[in-house]
Amino acid sequence: MEPSQIRSDVEHPLVSVVDDDESVRESLPDLLREFGFAARAFSSPEEFLASDAFEQTRCLLLDVAMPGMSGPDLQQELRRQRKEIPIVFITAQRDEAVRSRLIEQGAVECLFKPFSEDDLLKALNAALRAG
Amino acid sequence: MEDDLSRVLNALPVLIWTALLDGQIDFLNRRWREYTGLSLEEARGSGWQSAIHPEDLPGLLERWQSILASGEPGEIEARLRRFDGAYRWFLFRANPLREEAGGIAKWYGTNTDIEDRRPEEEALRARELSWRQIADNIPGLVATMGAMGEVEFLNRQTLEYFGKTNEELKDWSLIGVVHPDDLPRVIEARTKSIETGQLYEVEHRCRRADGVYRWFQVRGLPVRDVEGTITAWYLLLTDIDDLKKAEEALQSSERNLSLTINTIPTLIQVSRPDGTVLSVNQAVLDYYGVTLEEMQTDEFRSRAYHPDDIKRLREWRREALKHPRRFEYEQRALGKDGKYRWFLVRYNPLLDEQGRIERWYTTAYDIEGRKRAEEALRSAERDLDLIVNTIPALAWSARPDGSAEFFNRQYLDYVGLSAEQAGGWGWSAAVHPDDLEGLAATWQRIMTSGEPGDAEARMRGRDGEYRWFLFRASPVRDEQGNIVKWYGTNTDIDDRKRAEALLAGEKRLLEMVAGGQTLPSILDASCRLVEETAGGYICGILLLDTSGTSVGLSVAPSLPPSYNEAILGWPINLDSGPCARASVLKEQVIVADVASDLQWDAYGWRPLALSYGLRACWSTPILSSENVVLGTFALYSREPGEPTAQLQDVIGQMTHLAAVVIERQRAVERLEAEQELLDLAQKSARAMAFDWYVQREVNVWSPEQEALYGLEPGSFDGTFQGWKKLIYPPDWPVLLKAIRHAQETGVVAAEFRVQWPDGSTHWLATNGRMFFDERRSPFRMVGFTTDITPRKLAEENLRRSEAFLAEAQHLSSTGSFSWRVATNEIIWSEQLYRIHGLEVGAPVTLELIRTRVHPEDITLYERMVEQARSGGSDFEWQYRLLMPDRSIKYLHAVARATRDRDGGLEYIAAVQDVTERRLSEEALGNLRSELAHVSRVATLGTLTASIAHEINQPLSGIITNSSTGLRMLNADPPNVEGARETARRTLRDGNRASEVITRLRALFSKKEAATEAVNLNDATREVIALSLSELHRSRVIPRLELAEDLPPVTGDRVQLQQVILNLLRNALDAMEGVEDSPTPLVIRTERDGDDSVRLSVRDAGVGIDPQAAGRLFDAFYTTKHAGMGIGLSVSRSIIDSHHGRLWATPNDGPGATFSFSIPCWQAV
């Protein structure tokens, strides 16, 4: 590993976005980069697990409902592999019951789409502190 | 034989015994008994054990048991007590004697004295005793000789036997010792042995001291020195005299046997393994009249045996001779008398120890008698066959198991089967299916009983007609009483059966008569009876009306009612029909072929009969006991022809029976009518009567008469004024007029109204007679009154109805018409003219109507007219009129076929203008689909969550992109390019949201979900009921498989119905365009586990595209051209909110099944 990459890792923690919605995958990483994070987007948990980002991700912005593996499924899988990546769920389904259950199960936060910049930042900070 | 054996065994110089299988000794030979001093009785069974040394007995018995158990030979040593009490060691040996089958038949045993061989004692004796002593103690005669035969030593027993001293016997001259006859052999043997040094063994007689010769076996063993040179001979002389005697006995019995063999008439022959003759008995020689030598020539064989048999048997016999197995054959042999006789020839092999054939023992039994019997039997069978095939009955035979093996020609001809087809159980195919089971059971019972028996059943002839047969079977037994065969006959009892059936039927009919049944029902039953009996014919009975000029009653149960209706009232004369002619002539009329018999056209009987498919008619008059024609009895056939004699019998019987029934019934009816009249007359006279003495003003009324005027009994005062008051005033003039009429004519008749005290009016009719005195003044009026209010009301109603009808036709837009087909005479009601827009009263023709019929319905119209002309049955049709103003009218016509007075076909029809109804139906249909649409939309309130999801996605993109864009623009330097990109995305996501909104524009209302117990079956039925018109349009009839006792579920009834409707509509859409689906649409409810209920909708449509399966339930996903793609999504939302699940599975066959499962209702 190059020293520059280590520095970059420290200065620009990698936030990975996993969402099957293309517009989210396009827009969210740009915003994250504006915030100063490194960002990568994946269309499914499977794609994320198969990538090298898996090792470097400091925080996961994770959609709840997706075809194939769902967000909570990925959360389970990470726990099984003992990878403690802080997770912020993002969902278009405004359901408080779901939100509290996800947080109960270890998510740092669950944001309902559309969410504000501030809410996103707060959640990310909380996640990075937790990580 | 047993005795012979005993004798032989007794003769043997060895201790011998035999034992049974259980070890019990049953025989001990004389030597054994003499040795032990026990008698046979003492020793037999277990008695012999007393002769065994006590110390040895347990071991011996144990060993004996184990030998018995093993079945194998065995031995043991034990001490046996001699008659003098001394014990000696014996070897007990036991051998099983086996039967051919291998089982043990008996045990044989020997006891051999081995006292001298006991090893421990042998050693002792060797030390103690000299050779002489040994020799002296050997239980036999022992001698030694020098190399050249000179006697050296003789033991004591030898000296004792010969009664000579050692010295005397030294120069063994043999003479005087050996029997003179044996001497040459002895010398020869001895000389030879001495010369060759071989074992010397010879049997000869030796002279005992007392001069008696006894047979001895003399064995001489050479003693050699180390060089092998013979130095001496040891001789052992064993007394075998007893054995010799036994052998002699045996030889003598062999001679006897030979004698026997030669005297018995059986031909016996001994031959070599290759079959060539060695010897034969006398019977053989006598039979052929040849010598043994002649027999042994080849020429003999070819001459003595029948050429056919030689040819037939040569190879076979040669082959059989190769195998050591018994074989036999039958052949003819030529006797010396020049005649052939049959013999059963049996070869028995005599085998040597290696199992090779040593000799063949052959017997030949004369079986000529048997052969002749067989031949006779065969010829008898041939005769039987001939007889059986010529007798006029169906005959058969069966094997003991009941399967048939033979049928005579008549049988096969009758059933039309080949012998192969009928064989076994094949014949049963010809038995009537209804009778087969019973027949099989009876046959089984007969076979089980082994006794003759019979059964009745119908058998189909080759012409396909069934006739009744009596099946009779008797067993044939062999000499042992075993059943070898069943012989049977089938006798045609069809006529008898018919007669029985007819008789039973007649009895039934007479019972019906006695039971007071109506005449038509009895005649109906009569016809059916004849049809059953005759088979294949149609029966009809006509009764003349009272005037005898027309048909008063027609009964033909197998013809359509319209036939009887057509015949009713038919005129009776010579030409109007066969039945009519038969009535007129009082004799049978046969119409053999209706189609060609043109004389019946005058009154249209021929076409009528043909139209009902009647091709022959045989009509017989039914005559009363006074020879008056009551009617006719007719048989009709679908084929041209004349009645058979058998049918004529039936007709004769039935005609007679019908006459009896009709006369009797008529008499009963007449009697009943008269009785009724009488009753009525009496009742009338007594009841509603009045008796008015006009001059005295005394009017006597019965209570019934008073009741008719609404009065209490006895309350009428009897005055003229009192009566007048009771009359409804407007009718009083009518009565006055009637009274005047009565005064002129004496006849009292009037119809009038009375007013009851309660104010109601009642119609009365009075009839009576007025009597006059000599001055022609009325003095008395007698009559009776009846209440005719109901009739009057009916008349009134009728008048009113007639008036109403015209109005009703007008109001209901219903017209009517009548149409006489033969004359094309059409009469329309006024309303029908109006419906057609034609001038009332204008002459109507089919052509005129045609001008009004809608062009598209012209074909339909013409087909209808055509059908009506030929059919003669009711019809109903719908068609359109195209009016001159181009407007369209929908008409619905219902026509009923009737007969006019002349028997011609006439239709009476009602035609309704259903245009308005049709239009309103269409309007209703449109409204319904609107409603369905609204209903679909209304429940979209439950979609909120889905909608939110759909909109939140693009909104999220918009906000994120906007934030990013702002940040990019605020950066230093501003990232304009990046911001432009985010703005573009914002735009795109905005459009996306807008699209969603567009698609949701119709969704507006939200309904609160109710929670109640819902019966899914009822909910399903309601949905089906609501969707009927849609289902009909789709030409799909759903099949409901609704589980009984389905528990209710928890939910919102309307929402669940929306789901069912969605699934149903989804299925219909999927099946649209799928033609002639073999499996219908199925809606099924059932329990799903303990606490859920499942409903599934199975369609036979296009099925699920696997690629789309994952998106089926997504909102706005649709594969349809029409529709919003929210049906399944909504359904899933609804089912989710009911805590259930909704899923789709592809069918095994075509289509897919959509199911949901929701929890049962939990009562709180």
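Heavy atoms closer than 4.5 Å to chain A are found in the side chain of B/Ile959, but not in its backbone. With a 4.5 Å cut-off on non-hydrogen atoms, B/Asp989 touches chain A through its side chain but not through its backbone. With a 4.5 Å cut-off on non-hydrogen atoms, A/Phe35 touches chain B through its side chain but not through its backbone.
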Worked verdict on A/Asp30 versus B/Arg985 for side-chain contact (heavy atoms from CB on, under 4.5 Å): CA-CA 12 Å; A/Asp30 282 353; B/Arg985 289 183 202 149; 2.8 Å; yes
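Of the charged side-chain nitrogens involved, none lies within less than 4.0 Å of a carboxylate oxygen, so that A/Glu22 and B/Arg988 do not count as a salt-bridged pair.
Remark: A/Glu26 CD to B/Thr982 OG1 distance equals 11.0 Å, nearest 0.5 Å. Interatomic distance, A/Ile90 CD1 to B/Ser956 OG, rounded to the nearest 0.5 Å: 6.5 Å. The distance from atom OG1 of B/Thr964 to atom CG of A/Leu28, rounded to the nearest 0.5 Å, is 8.0 Å.
Environment of CG in A/Asp52: crowded, with over 12 heavy atoms of neighbouring residues, nucleotides or ligands closer than 6.0 Å. Atom CD of A/Glu47 has more than 12 neighbouring heavy atoms from other residues, nucleotides or ligands inside a 6.0 Å radius.
Minimum heavy-atom separation, A/Asp21 to B/Arg992: OD2-NH2, 2.8 Å. Between B/Gly957 and A/Ser23, the shortest heavy-atom contact is CA-OG, 4.2 Å.
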